[in-house]
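FYI, side chains are in, hydrogens and waters are out, and symmetry mates aren't considered; it's all heavy atoms of this structure. In what follows, chains carry the letters A, B, and so on, assigned in the order in which the sequence lines appear, proteins first and then strands, with residues in each chain numbered from 1.
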Amino acid sequence: MSNSNQNLVPKPDKLCRVPRVKYLLKNAAKSKSLRHATQIHSQIVTTNDASVSNINSLLLVYAKCGSIDHTLLLFATTPHASSNVVTWTTLISQLSHSNNPSRALACFNRMRSTTLIYPNQFTFSAILPACAHAPLLSHGQQIHALLLKHGFQTDTFIATALVDMYAKCGSMSLAQNVFDQMPHRNLVSWNSIIVGFLKNKLYGCAIGVFKEFIQKTSLFPDQVTFSSVLSACAGLVALGLGKQVHGSVVKRGLVGLVYVKNSLVDMYCKCGVFQDATKLFCDGGDRDVVTWNVIIMGCVHSQNFEQACNFFKDMIREGVEPDETSYSSLLQASASIAVLAQGTLIHSRVFKTGHLKNACVLSSLVTMYGKCGSLFDAYRVFGEVKDRNVVCWTAMIAVCHQHGCGNEAIELFEEMLREGVVPEYITFVSVLSACSHTGKVDDGFKYFNSMANVHHIEPGLEHYACMADLLGRVGRLEEAWRFIESMPIEPDSSVWGALLGACGKHGNVEMGREVAEKLFKLEPDNPGNYVLLSNIYTRHGMLEEADEVRRLMGINGVRKETGCSWIDVKNRTFVFNVNDRSHSRTQEIYEMLQKLKELIKRRGYVAETQFATNSVEGSEEQSLWCHSEKLALAFGLLVLPPGSPVRIKKNLRTCGDCHTVMKFASEIFEREIIVRDINRFHRFTNGSCSCRDYW
DNA sequence: CTAGGGTTAG
């Protein structure tokens, strides 16, 4: 070994130690290893190397390792730490970014009360994110005033932090004000205002600023710009624009970056082109938990529930740990499939992975249990939630309503208001529906009027439809008509549809015809309207007119959706169509139905042949006994253990005759029978239904 | 030695 080589090895003398500590600190910050940090800490102490700059670096390393406790301890135990503005700034910055906005603010105030220490520009840009994070507009404004006094308003870092703070506190006008007055703006400044508009759901403004940014500056958009703009496109459901942005992303070579990719996949999902989203998702490249969440949600929104569950399994197989969003989306999928066993399995998984505290997960659980037909479990989960937010309350109210417990839904709503939780747009949809199903017209109007007057929520079509239903159900058809005519927004098919249903219920042929004609224009392809009007005519003996409606249906090429029911038995789903004879136990099923028919006839059952729609004269009764939900019931009675509940799902509204039969069956077989039809639950026990025959 | 912006959920 030559002499020159030996000289390259650092000597353990005092001169070499200072850079060595700096080097170690840098590495520790990168590796985020708390063990390394504590080792360096003891080295600094034993070698008497506790210079202010080393202590400050170490503070930062502790914070980067995620240990605010170590940071605070070091600050408290270092003499003279509180006499250095950099030390304070480091501490404040780390508190701001570690979910401790109030501690950051307290720290800032303590620093200010320390004489001879004055905040510098770094301190201000460190404290503003705390106000943004809280969010605390009044504190932010105070700090704004303070930094004006110090003359820092032209600093690009500080002004950018101000824009972000005002945006996150919900005041885009103040954010825009600061932005407009900036003498110099860089990429981060532009990104901040774009993100601000995005977060305040002002998607059009976000895109407007983006266009201005492209035209007026020579700066290049980065992944932050693109992911935000794509998110705005998703919010606007602007596929054309989204594709254009996708083009720019490709041109800039940023398509592989995971943030950008996630936003792209999400944009395609939200714009309804799920195929494009899947293609992009499968194209390879980096995927993180958000990529998976986005595609799973995309499946849910495009009704591909099975696929959502499969993606979830793939995600786990690839070693990506699901987070709260994943569980929330998966629960939505299984709520829609409504397999209670699967939902329960996910519940236990959520419990095991410690995600049972998240409000969204809990709300999804409530909804899942509700949609799987278990009001009891939904209530149980709801009862365990500590901090119920409006989402939780709304979920529980909706579940009650779907299960026919309108009174309980309204009581829950009142309880929610008493607890000071502010209701939202969707909350009122469930509350007004509950009023309608319980015939509470006055309460309904009270809540409806409180929307605008008390809660400043503009009623939408869903709410007007509820009100039309509310008046229509109790037979106040003329009032309902006038109510619709007085609407400030154009009534759509859901509003007129509610009134048509009421015309059917109360046998108003004249109004029914008029309403149906409006509906035929609004949605010529919806078979439900033709069927409703035809049924109104049939019940009034106007058979020619009924035939005419059916002919019109044929001319318009509308086909009635065929009834289909399914039932889950031991992790398998069995599907039954109307008149189904394809099941291997068909003979037993029809024998079971025959037996049931004889039993209930002795108890007074009379076939309600008006629900027999597609049959030859004289065989109406027979056709009723081929309805899919009856077939599923018979199969359930055959294979399910005695006493266990029968859970049936149906793709259409359940028919009146089946409803009656289910009531009888629940009594005779001493079983709970739960039928989920297209819009609600029927829970049959001891001969009666939870809907009180009112649906 | 200290500073500002990001995707998903009812």
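Going from atom CG of A:Asn56 over to atom P of B:dC1 covers 10 Å, rounded to whole Å. Rounded to whole Å, atom P of B:dG10 lies 13 Å from atom CG of A:Asn389. What separates OH of A:Tyr203 from C1' of B:dT7 is a distance of 13 Å, to the nearest Å. Rounded to an integer number of Å, the gap from A:Glu462 CD to B:dG10 C1' is 13 Å. The NZ-C1' distance, from A:Lys270 to B:dT8, rounds to 7 Å in whole Å. One can place CG of A:Leu91 at 12 Å from P of B:dA3, the figure rounded to the nearest angstrom. The OH atom of A:Tyr327 sits 15 Å away from the C1' atom of B:dA9 (whole-angstrom rounding). Rounded to whole Å, atom P of B:dT2 lies 24 Å from atom OH of A:Tyr118.
At a threshold of 4.0 angstrom between heavy atoms, the contacts of A:Lys26 with the nucleic acid are absent. Here A:Ser329 lies out of heavy-atom contact (under 4.0 Å) with every strand. As judged by a 4.0 angstrom heavy-atom cut-off over every strand, A:Ser363 is placed among residues making no nucleic acid contact. Residue contacts for A:Leu60: at a heavy-atom cut-off of 4.0 Å it reaches the sugar-phosphate backbone alone, with no base atom in range. Residue-level contact check: A:His355 touches neither bases nor backbone, having no heavy atom under 4.0 Å from any strand. Within the 4.0 angstrom heavy-atom criterion, no nucleotide atom of any strand lies near A:Asn84. Using a 4.0 Å heavy-atom cutoff across all strands shown, A:Val188 reaches at least one base atom of the nucleic acid. Contact annotation for A:Ser326: no contact, since no heavy-atom pair falls under 4.0 Å across all strands. Using a 4.0 Å heavy-atom criterion, one finds that A:Val290 contacts the bases of the nucleic acid, with or without backbone contacts as well. A:Ser51 comes within 4.0 angstrom of nothing in the nucleic acid, heavy atoms only.
Side chain of A:Lys168, nearest nucleotide from B:dG10, B:dA3, B:dG6: B:dG6. For A:Val52, whose side chain is taken as the heavy atoms from C-beta onward, the closest listed nucleotide among B:dA3, B:dC1, B:dT8 is B:dC1. With distances taken from any side-chain atom of A:Ser227 to the nucleotides B:dG10, B:dT8, B:dT7, the minimum falls on B:dT7. Listed nucleotides B:dT8, B:dG6, B:dG10 differ in distance to A:Asp323; the shortest reach to its side chain belongs to B:dT8. For A:Gln332, taking side-chain heavy atoms from C-beta onward, the closest of the listed nucleotides B:dA3, B:dC1, B:dA9 is B:dA9. For A:Asn262, the side-chain atoms get nearest to B:dT7 when compared with the rest of B:dG4, B:dG10, B:dT7. Set against B:dT7, B:dG10, B:dA3, the side chain of A:Val390 has B:dG10 as its closest nucleotide. Relative to the side chain of A:Ser53, the nucleotides B:dT8, B:dC1, B:dG6 differ in distance, and B:dC1 lies closest. Distance from the side chain of A:Asn120 is smallest for B:dT2 among the nucleotides B:dT2, B:dG10, B:dG4. Taking every side-chain heavy atom of A:Asn358 into account, B:dA9 is the closest of B:dT7, B:dC1, B:dA9.
Atom CD of A:Glu458 is surrounded by 12 or fewer heavy atoms from other residues, nucleotides or ligands within 6.0 Å.
Stacking between A:Phe157 and the base of B:dA3 is present: ring centres sit under 5.5 Å apart and the planes differ by under 30 degrees. Residue ring and base: A:Phe122 counts as stacked with B:dT2 (centre distance below 5.5 Å, interplanar angle below 30°).
Under the 30°/60° scheme for interplanar angles, the aromatic rings of A:Phe213 and A:Trp190 are found to be tilted. Using the six-membered ring where Trp is involved, A:Phe428 and A:His455 have ring planes that are tilted, between 30° and 60° apart. In this structure, A:Phe382 and A:Tyr379 have perpendicular ring planes: the angle between them is above 60°, well past the 30° mark.
Between the side chain of A:Glu424 and the base of B:dG10, at least one donor-acceptor pair of N or O atoms lies under 3.5 Å. Between the base of B:dG4 and the side chain of A:Asn186 there is a donor-acceptor pair shorter than 3.5 Å. Within 3.5 Å, a donor on the side chain of A:Thr160 pairs with an acceptor on the base of B:dG4, or the reverse.
Residues A:Ile295 and A:Phe312 fail the side-chain proximity criterion, which asks for heavy atoms closer than 4.5 Å.
Taking side-chain N and O atoms only, A:Ser231 has a distance below 4.0 Å to OP1 or OP2 of B:dT8. Dashed line: the shortest gap from a side-chain N or O of A:His97 to OP1 or OP2 of B:dA3 is not under 4.0 Å.
Checking each of A:Lys279, A:His246, A:Lys243 against A:Tyr268 for a side chain to side chain donor-acceptor pair (under 3.5 Å) leaves exactly one that passes, namely A:His246.
The pair A:Asp377-A:Arg380 meets the salt-bridge criterion, since a charged nitrogen lies less than 4.0 angstrom from a carboxylate oxygen.
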I'd like a table of donor-acceptor pairs (distance under 3.5 Å, sequence neighbours excluded) in which one partner is a side-chain atom from residues 193-212 of chain A, with atom names and distances.
{"unit_1": "A:Asn200", "atom_1": "ND2", "unit_2": "A:Ala167", "atom_2": "O", "d": "3.1"}
{"unit_1": "A:Asn200", "atom_1": "ND2", "unit_2": "A:Gly196", "atom_2": "O", "d": "2.9"}
{"unit_1": "A:Glu212", "atom_1": "OE2", "unit_2": "A:Lys216", "atom_2": "NZ", "d": "3.2"}

